[in-house]
Number of protein chains: 2
Amino acid sequence: MSKLTALARHTSSAQEDYLKALYGLGAVEAAVPPSRLARELDVSPASVTDMLAKLAVLGLVTHDRAHGARLTPTGRGVALEMVRHHRLLEAYLVQALGYRWDEVHDEADRLEHCISEVLEQRMFQALGGPSFDPHGDPIPSTRGSLPREHDRCLLACKAGDRVRLSRVSDREPEKLRALRALGLELGTAFEVVGESRWEGPLELRLNQRLVQVPLGLARIAFVH
Amino acid sequence: MSKLTALARHTSSAQEDYLKALYGLGAVEAAVPPSRLARELDVSPASVTDMLAKLAVLGLVTHDRAHGARLTPTGRGVALEMVRHHRLLEAYLVQALGYRWDEVHDEADRLEHCISEVLEQRMFQALGGPSFDPHGDPIPSTRGSLPREHDRCLLACKAGDRVRLSRVSDREPEKLRALRALGLELGTAFEVVGESRWEGPLELRLNQRLVQVPLGLARIAFVH
DNA sequence: TAGCTAGCTTAGGCGTGCCTAAGACTTGGA
DNA sequence: TCCAAGTCTTAGGCACGCCTAAGCTAGCTA
Ligand SMILES: [Mn+2]
Ligand SMILES: [Mn+2]
Ligand SMILES: [Mn+2]
Ligand SMILES: [Mn+2]
């Protein structure tokens, strides 16, 4: 039985992408509708149906028309392995090879599927066992555990809040460059002097400077 | 026309493997028979026929039943790019991440297809512009030039020759470990005290020690 | 010169991962 | 209550990269 599980580990890149996306969409706690997955992965709903059937046969998801798809414990494991690879790679590219935080996502998205466990281990050691990636996302342990994050979106901050940037979405490189250009890096401390009103920008005081942060940037930034 | 060439750069992993194999089999100078390629890549001759047809349409090989397949200049370029990636990755894994020379080949074989030009460049810089991989193979420049090697097989050495290990085949990890266990690393100086007779082992003097080198190991080792 | 054989190609087929188009649920509003 | 929309699945098909089996060719040997 555990032999079978081990053999089932021949997951393809595509399968790993579905599992990772499911994980990101919260398919551990609640079922995810196929349409949501289709949008996320930019494939047709029919493709999602196909793939979910395959993943169900492999025992990586459960799939029930009424609710949608959920990860099995094994599926969660594979998903977390990809997340670990992704974030570790991002951290390595930044810390060891001088990448900027807006350059690493696409590279990691490709490499996460083809690094060995040995390489994973060596990068982890070389970085001294990092806990977070360059965007502030936690790196799952080999066992698959993740510290729970308790930060909030910059968008929700009120005037007078004194906070630090703890996390950003790594999806849109342009926005990451813009944040960096405003002086916002991971760990940067600032005070919210003007909260967002009528969908206007937030105003921050940061290193004695006043900085305007457009809504679209505040939405991808998280603080604590 | 150069637009078309640029667009033709969407080569798949499989295509890149064929081009790299062709390069390795000398398809720059002379035509390579499909059967040779099939053996090299461990695929059927029919598969080779299919793929060569595709590569010919892409302008990467010329293919002529009488002689076999040859790389076009563009095809040679793609092949050399893969060789560069492969050797650079091997060098990086050894020098930056503590891999041994017998551990890097498979890892590099997978990664060579999915690293970006940026990552290639960063690894190259991080290593200070290396010229050789951990097996003594030259790393092609971005422009695609390669220093010509003038080493000879250890098998061909005569008693009395005083030489250094300059290159080894990276295909068989077991043999690489065996060479290392005998004290043979890249650059190791030694004297051939007994050449191979009747398919017996060579005998070397190496750091005051006498070492027997089986034919199968001597065959993959090169010296100058 | 007439086979015969080795090597290459063709034909047909399979698994994967994607698509579009068309059917089948489900579900909320009229 | 019943229909219209939205959602999901089924059906059929395509590109890729591989396979086996069957033909073809060309060159060597008898
Ligand atoms: Mn791993
Ligand atoms: Mn990240
Ligand atoms: Mn390159
Ligand atoms: Mn090598």
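This structure is a prediction, so every number in the text was calculated from the model and none was measured. Chain letters run A, B, ... following the sequence lines, proteins first, then strands; residues in each count from 1. Reckoned from all heavy atoms, side chains included, excluding hydrogens, waters and symmetry mates.
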Between [atom2] on [N] and [atom1] on [X], what's the gap in Å once rounded to a whole number?
{"X": "Tyr18(B)", "N": "dC18(D)", "atom1": "OH", "atom2": "C1'", "result": "8 Å"}
{"X": "Asp50(A)", "N": "dG15(C)", "atom1": "CG", "atom2": "P", "result": "14 Å"}
{"X": "Leu55(B)", "N": "dC18(D)", "atom1": "CG", "atom2": "P", "result": "11 Å"}
{"X": "Met51(A)", "N": "dC19(C)", "atom1": "CE", "atom2": "P", "result": "11 Å"}
{"X": "Arg65(B)", "N": "dG27(D)", "atom1": "CZ", "atom2": "P", "result": "10 Å"}
{"X": "Leu41(B)", "N": "dG17(D)", "atom1": "CG", "atom2": "P", "result": "13 Å"}
{"X": "Leu58(A)", "N": "dG15(C)", "atom1": "CG", "atom2": "P", "result": "15 Å"}
{"X": "Lys54(B)", "N": "dT9(C)", "atom1": "NZ", "atom2": "C1'", "result": "15 Å"}

I would like to know whether Glu112(A) and Lys20(A) meet salt bridge (Lys or Arg N to Asp or Glu O under 4.0 Å); could you show each step before the answer? CA-CA 11 Å; Glu112(A) 65 190 12; Lys20(A) 194 176 61 147; 2.8 Å; yes
What's the closest nucleotide to the [X] side chain, out of [options]?
{"X": "Ala46(A)", "options": "dG17(C), dT9(D), dT20(C)", "answer": "dT20(C)"}
{"X": "Thr49(B)", "options": "dC18(C), dT9(D), dC8(C)", "answer": "dC8(C)"}
{"X": "Pro34(A)", "options": "dC8(D), dT9(C), dC19(C)", "answer": "dC8(D)"}
{"X": "Gln15(B)", "options": "dT9(C), dT9(D), dG17(D)", "answer": "dG17(D)"}

Cation over ring, Arg87(B) on Tyr92(B), under 6.0 Å and within 45°? no
Please work out if His63(B) contacts a base, only the sugar-phosphate, or nothing of the nucleic acid, heavy-atom cut-off 4.0 Å. sugar-phosphate
Are Tyr99(B) and Glu90(B) linked by a side-chain donor-acceptor pair shorter than 3.5 Å? no
Taking 4.0 Å as the cut-off, does a side-chain nitrogen or oxygen of [X] come that near to OP1 or OP2 on [N]?
{"X": "Ser35(B)", "N": "dG7(C)", "result": "no"}
{"X": "Ser44(A)", "N": "dC18(C)", "result": "no"}
{"X": "Ser12(B)", "N": "dG17(D)", "result": "yes"}

In terms of side-chain geometry, is the basic nitrogen of Arg171(A) or Glu40(A) positioned less than 4.0 Å from the acidic oxygen of its partner? yes
Please determine if Arg177(A) and Glu172(A) form a salt bridge, counting it only when a charged side-chain N lies under 4.0 Å from a carboxylate O. no
The residue, Ser47(A) or Asp64(B), whose nearest nucleotide of DNA chain C is more 5′ is Asp64(B)
Nearest-nucleotide 5' precedence on DNA chain C, Ala14(A) against Ala66(A): Ala14(A)
